[in-house]
Number of protein chains: 2
Amino acid sequence: MSNEAEILVIDDEAQIRKLLDITLRTNGYRVNEAQTAREGITKAASHPPDLILLDIGLPDGSGHDVLLKLREWFTNPIIVLSVLNSETDIVKALDNGANDYLVKPFRTGELLARIRSVLRKNQTDENNPVLQLGKLTIDFVARTIKKNNALLKLTSTEYQLLALFAKNEGKVLTHQYLLRMVWGPSYLNQTQYLRVFVAQLRKKIEDNPNQPKHIITESGVGYRFMAE
Amino acid sequence: MSNEAEILVIDDEAQIRKLLDITLRTNGYRVNEAQTAREGITKAASHPPDLILLDIGLPDGSGHDVLLKLREWFTNPIIVLSVLNSETDIVKALDNGANDYLVKPFRTGELLARIRSVLRKNQTDENNPVLQLGKLTIDFVARTIKKNNALLKLTSTEYQLLALFAKNEGKVLTHQYLLRMVWGPSYLNQTQYLRVFVAQLRKKIEDNPNQPKHIITESGVGYRFMAE
DNA sequence: AGGAAACTTGAAAAATGAGTAACGAAGCCG
DNA sequence: CGGCTTCGTTACTCATTTTTCAAGTTTCCT
């Protein structure tokens, strides 16, 4: 299977670059590399890739700046790489527009799965006012959500939250982002609300709320909504 | 197939206007253009089109105001255009009476499909002045409503409200939208009127007004009319 | 493995929203 | 002119939703 997608890797460690390069090429992707923040931005601008893998632990320019600069115009997916135990970095990156993250060291299987996921999502047009996600059907015009063609009764807050999840299928949404979008910017530390409402949503949309398949917890970071 | 429908495009970007103009004309529509909010309202008023395409990201008058002003009297469909990542705008626009939305950039196929969809819906209403919804029969010309073939005695306000519900079957209509359409834009906070008249309508059309099957309450948001 | 932090869950309290009845004013009609 | 209908308005009760709290569980980190 050939997929032709072009990926730009921005990382200062030669070893990681080498590893990524080989892994990605053997899986049919075209790969471009950048060693520094400046080089990354230049290469992304001169020849925009379909996806960027960005190490946010870069020595020059801290990686976060690169992300911000890229997001001023670059709309394709960006996956950030981070060392372990840097949740602050991850949350910050997701809040700044990263689509997903990977903690180093990562299994190549996981890397490829994440890449496929964000690339697939980018292809499907989310313009449609009726969104079909597995068993769930969301109609943004009628403001209804169906599970297996049965209308779900959701409160206003529940609907907003689920609609937000659905529009960002597969992407990790941080606590802060969700709180800002649904409750407003003055509720950023009310993580508890989120927990309560996620529990309620799970009761309504999951087949087995104890083992959620749709709303996945990303501990310390946020939640991720999966269609299947 | 020639359809002759007339479409008014309100957008400040010349490129988009050009694109829409060509696409629509080659598909048999008559097209009129407006560059600003004021021009849009004037043109819509002087020569009402069958459909309006409105960019809600207009520089002057913010687009939302145009929608509100138009909806004070314009009853034909309005499709709003919005840039990506402005979900708040879209939700607001739908609440204020937009019939559908498109996220820029859009595929022309999708644009045409949406236009056909809303026009078809609107046409069946006019061609077929009698709307059959479950046990209810609504005759827009005679301004009469029957339940099981028995003529219902409705007051003018009740009729307006029910007709509005019927035209938007299945869709949530917000308090504000209903108030604006039935009472006018200066009654937006008189939610109580709505409650009173909804109660009266339920007494007349529901089999069991305590457990309404037709006019469903969406707490904190508005009401939804269901045929079955 | 063990302690701390983060998460889940159920249920109460508080806040907000909805439904109902009733009444005066305005308009209509005989 | 006087009865009837409809609308706007108010007061009150009831229902739903949101928030808060508390107890139990999982996950994370050393």
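Chain letters run A, B, ... following the sequence lines, proteins first, then strands; residues in each count from 1.
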With five pairs defining each end axis, the helix from dA1(C)-dT30(D) to dG30(C)-dC1(D) comes out bent, to 10°, by 30°
Just the rounded figure in Å: distance from C1' of dT16(D) to CD of Q211(B). 16 Å
Does the side chain of T217(B) get closer than 4.0 angstrom to OP1 or OP2 of dT16(D) through an N or O atom? no
Whole-Å gap separating P (dA18(C)) and CG (L178(B)): 12 Å
Nearest whole Å is fine: how far is dT20(C) P from Q192(B) CD? 12 Å
Side chain of N210(A) only, heavy atoms from C-beta on: which candidate in dG19(C), dT9(C), dC7(D) is closest? dT9(C)
Set out, in order, the CA-CA distance, both residues' side-chain angles and the distance that settles side chain to side chain contact (heavy atoms under 4.5 Å, CB included) for H175(A) and Y223(A), then state yes or no. CA-CA 7 Å; H175(A) 296 139; Y223(A) 295 90; 4.0 Å; yes
In short, V172(A) meets E218(A) closest at the heavy-atom pair CG2-CG, 4.0 Å
Examine dT19(D): is either OP1 or OP2 under 4.0 Å from a nitrogen or oxygen in the side chain of W183(A)? Give yes or no. yes
Selection from dC21(D), dT16(D), dC7(D) that lies nearest to any side-chain heavy atom of S219(B): dT16(D)
Please report the distance, rounded to the nearest Å, between OH in Y159(B) and C1' in dT6(D). 18 Å
Do any side-chain nitrogens or oxygens of H175(B) fall under 4.0 Å of OP1 or OP2 in dG17(C)? no
Just to be sure I understand the geometry, which residues of residues 194-209 of chain B put a non-hydrogen atom under 4.0 Å away from DNA chain D? V196(B), F197(B)
Side-chain N,O (Y223(A)) to OP1/OP2 (dT8(C)) below 4.0 Å: yes
Under 4.0 Å between any heavy atoms, over every strand shown, what does E158(A) touch: base, sugar-phosphate, or nothing? Just pick one. nothing
Listing, residues 199-209 of chain B side-chain donor-acceptor contacts under 3.5 Å, not counting sequence neighbours, or none:
{"from": "R202(B)", "atom 1": "NE", "to": "I215(B)", "atom 2": "O", "distance (Å)": "3.2"}
{"from": "R202(B)", "atom 1": "NH2", "to": "I215(B)", "atom 2": "O", "distance (Å)": "2.8"}
{"from": "R202(B)", "atom 1": "NH2", "to": "T217(B)", "atom 2": "OG1", "distance (Å)": "2.8"}
{"from": "K204(B)", "atom 1": "NZ", "to": "K153(B)", "atom 2": "O", "distance (Å)": "2.9"}
{"from": "K204(B)", "atom 1": "NZ", "to": "E158(B)", "atom 2": "OE1", "distance (Å)": "2.8"}
{"from": "E206(B)", "atom 1": "OE1", "to": "K213(B)", "atom 2": "N", "distance (Å)": "2.8"}
{"from": "E206(B)", "atom 1": "OE1", "to": "H214(B)", "atom 2": "N", "distance (Å)": "3.3"}
{"from": "E206(B)", "atom 1": "OE2", "to": "K213(B)", "atom 2": "N", "distance (Å)": "3.3"}
{"from": "E206(B)", "atom 1": "OE2", "to": "H214(B)", "atom 2": "N", "distance (Å)": "2.8"}
{"from": "E206(B)", "atom 1": "OE2", "to": "I215(B)", "atom 2": "N", "distance (Å)": "3.0"}
{"from": "D207(B)", "atom 1": "OD1", "to": "K147(B)", "atom 2": "NZ", "distance (Å)": "3.1"}
{"from": "D207(B)", "atom 1": "OD2", "to": "K135(B)", "atom 2": "NZ", "distance (Å)": "3.0"}
{"from": "N208(B)", "atom 1": "OD1", "to": "N210(B)", "atom 2": "N", "distance (Å)": "3.1"}

For residues 7-14 of chain A, dump all side-chain donor-acceptor pairs below 3.5 Å to protein atoms at least two apart in sequence or in another chain.
{"from": "D11(A)", "atom 1": "OD1", "to": "E13(A)", "atom 2": "N", "distance (Å)": "2.9"}
{"from": "E13(A)", "atom 1": "OE2", "to": "K104(A)", "atom 2": "NZ", "distance (Å)": "3.3"}

Strictly below 4.0 Å: does T157(A) bring a side-chain N or O up to OP1 or OP2 of dT17(D)? no
Expressed as a whole number of angstroms, how long is the span from Q190(A):CD to dC21(D):P? 10 Å
In whole angstroms, the gap separating P of dA18(C) from CD1 of I215(B) amounts to 14 Å
Looking at Y193(A), I'd like to know whether one of its side-chain N or O atoms comes within less than 4.0 Å of OP1 or OP2 on dT20(D). yes
Can you tell me the distance, in whole Å, between the CD atom of Q160(B) and the P atom of dG8(D)? 10 Å
Side-chain contact, heavy-atom cut-off 4.5 Å: L164(A) with Y177(A)? yes
Please examine the side chains of L133(B) and F225(B), heavy atoms only from C-beta on, and report whether any two atoms are closer than 4.5 Å. yes
Who are the salt bridge (Lys or Arg N to Asp or Glu O under 4.0 Å) partners of E39(A), not counting sequence neighbours? K43(A)
Taking only residues two or more places apart in sequence, or in another chain, which ones meet K92(A) in a side-chain contact (heavy atoms from CB on, under 4.5 Å)? H64(A), N96(A)
When the distance from CG of L162(B) to P of dT6(D) is rounded to whole Å, what number comes out? 15 Å
Which of the following nucleotides, dT17(D), dC7(C), dG19(C), is nearest to the side chain of K153(A)? dT17(D)
Can you name the closest pair of heavy atoms from K171(B) and L94(B) and give their distance? NZ-O, 4.1 Å
How far apart are the C-alpha atoms of S156(A) and R143(A), what are their side-chain angles, what is the distance that settles it, and do they pass the side chain to side chain contact (heavy atoms under 4.5 Å, CB included) test? CA-CA 10 Å; S156(A) 172; R143(A) 208 177 203 281; 4.1 Å; yes
